[in-house]
Amino acid sequence: MNIDRFVLAFAGSVVLLSVVLAHFVSPWWLLLTLFVGANLLQSAFTGFCPLALILRKVGLKPGCAFGDR
């Protein structure tokens with residue numbers, strides 16, 4: 001698995017978990033969904049993703065989205 005796929009899988013998992021927690025625990029968990037969505041949007045325009053930097057240092061192979069930074 002490369003960095004791009006891991007970032008997408010992680011973001012999707014966090015969004016799904018946030019929605020489940022918002023339904024069963026508190027609607028305030030939707031703020032986590034908002035944060036993930038905003039981070040995905042800014043990374044689409046800037047190419048900067050903190051998780052991608054961490055994964056590169058761990059040794060995951062870069063994909064085409066986060067590979068040139």
Side-chain angles (χ1 to χ4, degrees):
M1 180 176 281
N2 63 27
I3 291 174
D4 302 351
R5 290 183 184 264
F6 189 91
V7 167
L8 293 174
F10 183 79
S13 299
V14 171
V15 167
L16 290 175
L17 177 65
S18 172
V19 169
V20 169
L21 288 170
H23 180 74
F24 290 110
V25 179
S26 168
W28 286 102
W29 281 103
L30 291 175
L31 290 175
L32 182 58
T33 301
L34 179 69
F35 173 75
V36 172
N39 194 356
L40 286 170
L41 186 62
Q42 73 82 26
S43 69
F45 289 104
T46 65
F48 173 74
C49 177
L51 179 58
L53 294 175
I54 293 168
L55 294 173
R56 185 178 301 122
K57 289 185 181 188
V58 170
L60 245 59
K61 296 177 185 174
C64 59
F66 302 113
D68 59 349
R69 300 206 186 299

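- Side-chain atoms of Asp4 come within 3.5 Å of backbone N or O of Cys64 as a donor-acceptor pair.
- The list of side-chain hydrogen bond (donor to acceptor under 3.5 Å, both in side chains) pairs with a residue in residues 21-30, not counting sequence neighbours, is empty.
- A distance of 11.5 Å separates CZ in Phe35 from CG in Leu31, rounded to the nearest 0.5 Å.
- Legend: residues meeting side chain to side chain contact (heavy atoms under 4.5 Å, CB included) with Leu60, ordered by chain and number and at least two apart, are Ile3, Phe6, Leu55.
- Remark: Leu16 engages no residue in a side chain to side chain contact (heavy atoms under 4.5 Å, CB included) (not counting sequence neighbours).
- Judged as a side-chain hydrogen bond (donor to acceptor under 3.5 Å, both in side chains), and not counting sequence neighbours, the contacts of Ser18 are Thr33.
- Residues Val58 and Leu8 are members of separate hydrophobic clusters, defined by side-chain heavy-atom contacts under 4.5 angstrom among Ile, Leu, Val, Met, Phe, Trp and Tyr.
- Hydrophobic clustering (ILVMFWY, side-chain heavy atoms < 4.5 Å, transitive): Leu40 and Leu17 are in one cluster.
- Listed by chain and residue number, Phe10, Leu32, Val36 satisfy the side chain to side chain contact (heavy atoms under 4.5 Å, CB included) test with Val14 (two or more places apart in sequence, or in another chain).
- With sequence neighbours excluded, the residues forming a side chain to side chain contact (heavy atoms under 4.5 Å, CB included) with Pro50 are Asn39, Phe48, listed by chain and number.
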